[in-house]
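Labels below follow one simple rule: chain letters A, B, ... track the order of the sequence lines, proteins then strands, and each chain is numbered from 1.
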Amino acid sequence: MANIVLSGIYKEFTSGRETHLAVDGLNLDVANGEFISLVGPSGCGKSTTLRMIAGLESPDRGRIFVDGRDVTAVPPQSRGLSMVFQNYAIFPHMTVRQNIGYGLKIAGMARADQEKRVREVARLVDIENLLDRYPRQLSGGQRQRVAVARAFARNPDIILLDEPLSNLDAKLRDQTRAELKQLHQRVGHTMIYVTHDQLEALTLSDRIAIMNKGVLQQFAAPSVVFQQPANLFVATFIGSPTMNIIPATLLHGEAHTAVHIEGWSASLPRGGSEWLGPTDVSAALVGIRPKDITVHDGHVEGRLPAVVTLMEPTGSDAILHLDADGRALVAQVADRFDFEPGDKVSLDLSLDHLHLFDVDSGLALYHGRAKYGARPARAHAGPTMAQGAA
Amino acid sequence: MANIVLSGIYKEFTSGRETHLAVDGLNLDVANGEFISLVGPSGCGKSTTLRMIAGLESPDRGRIFVDGRDVTAVPPQSRGLSMVFQNYAIFPHMTVRQNIGYGLKIAGMARADQEKRVREVARLVDIENLLDRYPRQLSGGQRQRVAVARAFARNPDIILLDEPLSNLDAKLRDQTRAELKQLHQRVGHTMIYVTHDQLEALTLSDRIAIMNKGVLQQFAAPSVVFQQPANLFVATFIGSPTMNIIPATLLHGEAHTAVHIEGWSASLPRGGSEWLGPTDVSAALVGIRPKDITVHDGHVEGRLPAVVTLMEPTGSDAILHLDADGRALVAQVADRFDFEPGDKVSLDLSLDHLHLFDVDSGLALYHGRAKYGARPARAHAGPTMAQGAA
Amino acid sequence: MATTRFLSKGLNYLALAAVCLFFMFPMYWMLKGSLETAPELLSAHLLPGSISSEAFRELIGQASFRQYFFNSATVAIASTIVSTTCAVLAGYGLARFKFPGKAAMSRGVLFCYMFPSLALSIPLFNIFYSIRLGNTLFGLMLTHVTLSLPFGIWLMWQYFQTIPSAFRENAALLGAGRFRTFLEVELPLARSGLIAVAIFAFALSWEEYEFAFVLITSEASKTLPIGMTQFVTRDYVVWNMIMAAGITMAVPAFLLISFLQKYLVAGFTSGGLKG
Amino acid sequence: MATTRFLSKGLNYLALAAVCLFFMFPMYWMLKGSLETAPELLSAHLLPGSISSEAFRELIGQASFRQYFFNSATVAIASTIVSTTCAVLAGYGLARFKFPGKAAMSRGVLFCYMFPSLALSIPLFNIFYSIRLGNTLFGLMLTHVTLSLPFGIWLMWQYFQTIPSAFRENAALLGAGRFRTFLEVELPLARSGLIAVAIFAFALSWEEYEFAFVLITSEASKTLPIGMTQFVTRDYVVWNMIMAAGITMAVPAFLLISFLQKYLVAGFTSGGLKG
């Protein structure tokens, strides 16, 4: 276990005459035993950041500290950390046992101790019976476990994971995700996890660092990035289906601010902790998650009129694609499969879950009052959806 | 547009001395303009089936009919169908225009008509501005669109898609999935879609064919395979998180059957349309989806006692991993983030959503009465989760 | 740490420089010799005394040299075309069709490649004279094909295997027959391999000496390598003309490399192109 | 449809059979000749009249033949070791280190590979005699290294490039230094390439004639290819012994192929191993 501090990290790549800015002034601190995720679209700099922590790339500027020690110039083999690669990088000419034990052998551990430790880690990820196999004899899921076991074998302070689940199929990914989280809870290493999948980041991490174009957007706990996204990028990146963004005009009164969308308006309390930015702008972008839109049949006065364009059933829920006066919206509805393209509906947007963003900067101006999981009225005994269905 | 009938398809592969049975006696009929998915774990025979429809493999036994014509021995180039490959297989030495137009050129279409049609399809998938690029200059998502455009260019009766989304990242996959569905609704070709991802199958298809070890398990509409899975395999394959399966004993009375799980029991009406199999077995497997388990704080008499082992927040929901007397269960709860490993809870299983499966054959014995989206009391005005939160 | 890295880099540069020198020195020596007059050359200084194109002018002035050059070019170009065509077809067949004895076939091709060509020259001489192909450029061309084809087949075979079958299958589904697919899809994808084979075949034929020596006796059919050695076996050794002939022989190689090197470097790495 | 397929398959088989025949016939002819007595051989029947090991026995009985064989083996093995080692190191350096002029370097290596070796032989002769390496097996070995190294470097360079960097990086993160990583991870992964280079170097040295002819004049240092041609230039041509010598020369190739063919076939395809 160890803590990591990145300070003012800056890195660019040059290929031919083009220069690509990969990481731009990144500051990040990871506590002892914390599980953090670096998340963002491809090319956002998350993998480069991980590789700089590993020592596989050197930052152009900035310093990296592990437990207070400056490791910026330390080569990877002396940093005392392990990594699980996206393609696993299991050595094909070694057996599973040799693969897992390779780090121990380099460290000069006695043969008997090596064998003991290999068995121990293999048991941890449930591949004890595969120790004499060669990688080519393993399935994708088994290879992934070998890679994880190898990373844990040396009992390093820090474990880095570079999209370790992206080569697994959907079912296996869900299962392995849970196992990885349990593994972390049991052994408690500091772990840094890179992924493009916001769901993995949300479910696994203590804190999530969201990056875009080399710049850190927000670094906070999953519930915070989900409920109080710092800006438009975070708001639309985190959460699936993606948050709806609708241009709106604001009209400020004494105690309330009126939000107008073509065909719908609402009134928000003015001032108070919900307002983060200036309260005097006249235009903003309304953000509302698909789950926070309620869909009613037919057109009703005071509700946002829309037409169903597509329905995607996902099992017990369905994703409705809607057209509201030329704007494409998405709503997620539970327990209903009877919509069809062309149906006229009207929408309620939950004010408690509404967000406002600045039109130019994209910074959050306002977050609805209700925090999922922290609303007193519903927290402990309120009817969840499943209860309602019981 | 065309309909397809597979009749008694049987196919095995021999490598060295091992014989692998890929498809075992498959019967399938696909209607004109239908969108069907072949879904199952890797090695289930879904890709082999698609390749046999395409003519890239020949069945060992059985016949394939397109619009009543036996095409079993017709080579792929004469079957008049298109395919989108998993790795897209865009010709790297041709521009996007040449790639899309290649099939038209082979068909001997006049140059001007080719250009017109290429523009038309390119517009359909929004890549008109990329026509002069080479594949290496495109992103993953753009390549995928080129592959789709090329498949549509010849306006074939049937379009086959082999995991076309599996190389895209999570966000892009969601978006492209919806576009693909809209494309199908607009152009209306018969489409056969292979995937290992049950969510893609549920959202896209008119009907889903679930395969396992070469054998067709169920072939029905998404709502049916989700709500009335034919057997244990379908039940656990469809739906995410996976359905919980719990061994139970049955005790049959006059009008009711009592279901006993260690620490919990319930009574189901005996006879009626919910019962599909024999009503006199003394043991069964209870199936219940994570969403249909309600979680209460503390231990309460009459409810199934459990201990939280892991919580995975997914945004507005959370997945709870539970230990109920040694059995691992999963529950999905909305709006609650305050569980921690070690918390004692008690569970309600929704009888309306309960399934029973035969212990030996895995066949469904009983499906709970409530069908998602078809429950009169909640269908049109009942409070959905999102409404409740409004 | 940084010092160690710097040192290991420096050592590597040094090693590379040494290798370069090792290879480049003979070439330099040859170039220098060809630009000197005969007496100067014998003094063996590192730098040329004066530069003169005398040797080149005299060389090109000789009718026999021009004849040798023409013969060499004819044989080299013809054998390159035949060898490359056969290698592409056979390599494609081996990569695409299933048939019994494929493993034995692979062993056979490799064995042919490794078979001492000198040992082969005797029976070939034997056979060729008995079927009246001795002393002909056609016969020589055929031997060169025999020498370059096994490796060519092996290379194309390996190369075609790296082309994912999805390209071929997709072409079929777009309506292309087998031949059209081969010509318009698979062959362009194997272009780098084809060029590598062609260069190999050309280089082999262009500098081949032993078979030319054994098979060709008439002055009119002699090739450059044979012609060159005649400078040695005369009464005195005309060093500067030999050097000039050597330089002339290297010109096609140099031109080919310059034009094609982008495909050659890409050769083995970009075979598994992903759409 | 099925008929067309069948036909195209049949034609392919026929073509393959023709190619086989084309290559195998000279080898058969040689084997047949080596097992016949001298008078029989001149009758040129397709099948051998009687089988006799006379030629082989006489060949092996000659002290000079054994000397040639020993010299050839020494030079071939030594040059294979030197060439393979240098190729691995240089190829690794080219693939792994960044330095200016890498593109020029690649062109240079390819040019060296294509450079007519015959043209090179004259300056080498010149240089070697002036540094007293002429007429030595060591000098001959060095020339063979010069000939096989460029292609070897190119092959290893290409090969090392196909090994994903993740293997190397992972080894580093597990604590392995650069040298250890090279030795325990990258070299084993490049094994097929290494074997291909070794085979290439061995085959080249084993059958090399021109340089051996130019550099070596003393009887004690002559190699097999030179020795073989002496059977021809004597007063009469001893066909069956020449054939037997050819067969003997082919034996190491045959043995090597048999032992290593699994790696050779895997050669170019399995470089990009995925964990």
- Message: Tell me if the CZ atom of B/Phe13 is crowded by more than 12 foreign heavy atoms within 6.0 Å.
- Response: yes
- Item | Neighbour count >12 (heavy atoms, 6.0 Å) for atom CG, B/Asp113 | yes
- About how many Å separate CG of B/Asn99 and CG of C/Leu174, when rounded to the nearest 0.5 Å? 9.0 Å
- Between the OH atom in B/Tyr88 and the CG atom in C/Asn170, the distance rounded to the nearest 0.5 Å is 13.5 Å
Sort [X] into side chain, backbone, both or neither according to what part of it lies under 4.5 angstrom from a heavy atom of chain C.
{"X": "B/Arg79", "answer": "neither"}
{"X": "B/Arg51", "answer": "side chain"}
{"X": "B/Leu81", "answer": "both"}
{"X": "B/Ala54", "answer": "both"}

- Query: When heavy-atom pairs shorter than 4.5 Å are enumerated against chain C, which of B/Asp162, B/Leu138, B/Ile106 gives the highest number?
  - Reply: B/Ile106
- Message: For B/Arg186, give me all partners under side-chain contact (heavy atoms from CB on, under 4.5 Å), at least two apart in sequence or on another chain.
- Response: B/Leu124, B/Gln182
- Under the 3.5 angstrom rule, does the side chain of B/His93 hit a backbone N or O of C/Arg191 as a donor-acceptor pair? no
- Under a 4.5 Å heavy-atom cut-off, does chain B meet the side chain of C/Arg180, its backbone, both or neither? both
- Query: Please walk me through it: do B/Phe85 and C/Leu173 pass side-chain contact (heavy atoms from CB on, under 4.5 Å)?
  - Reply: CA-CA 11 Å; B/Phe85 285 76; C/Leu173 284 166; 4.0 Å; yes
- Do B/Phe91 and C/Glu184 come within less than 4.5 Å of each other through their side chains, counting heavy atoms only? no
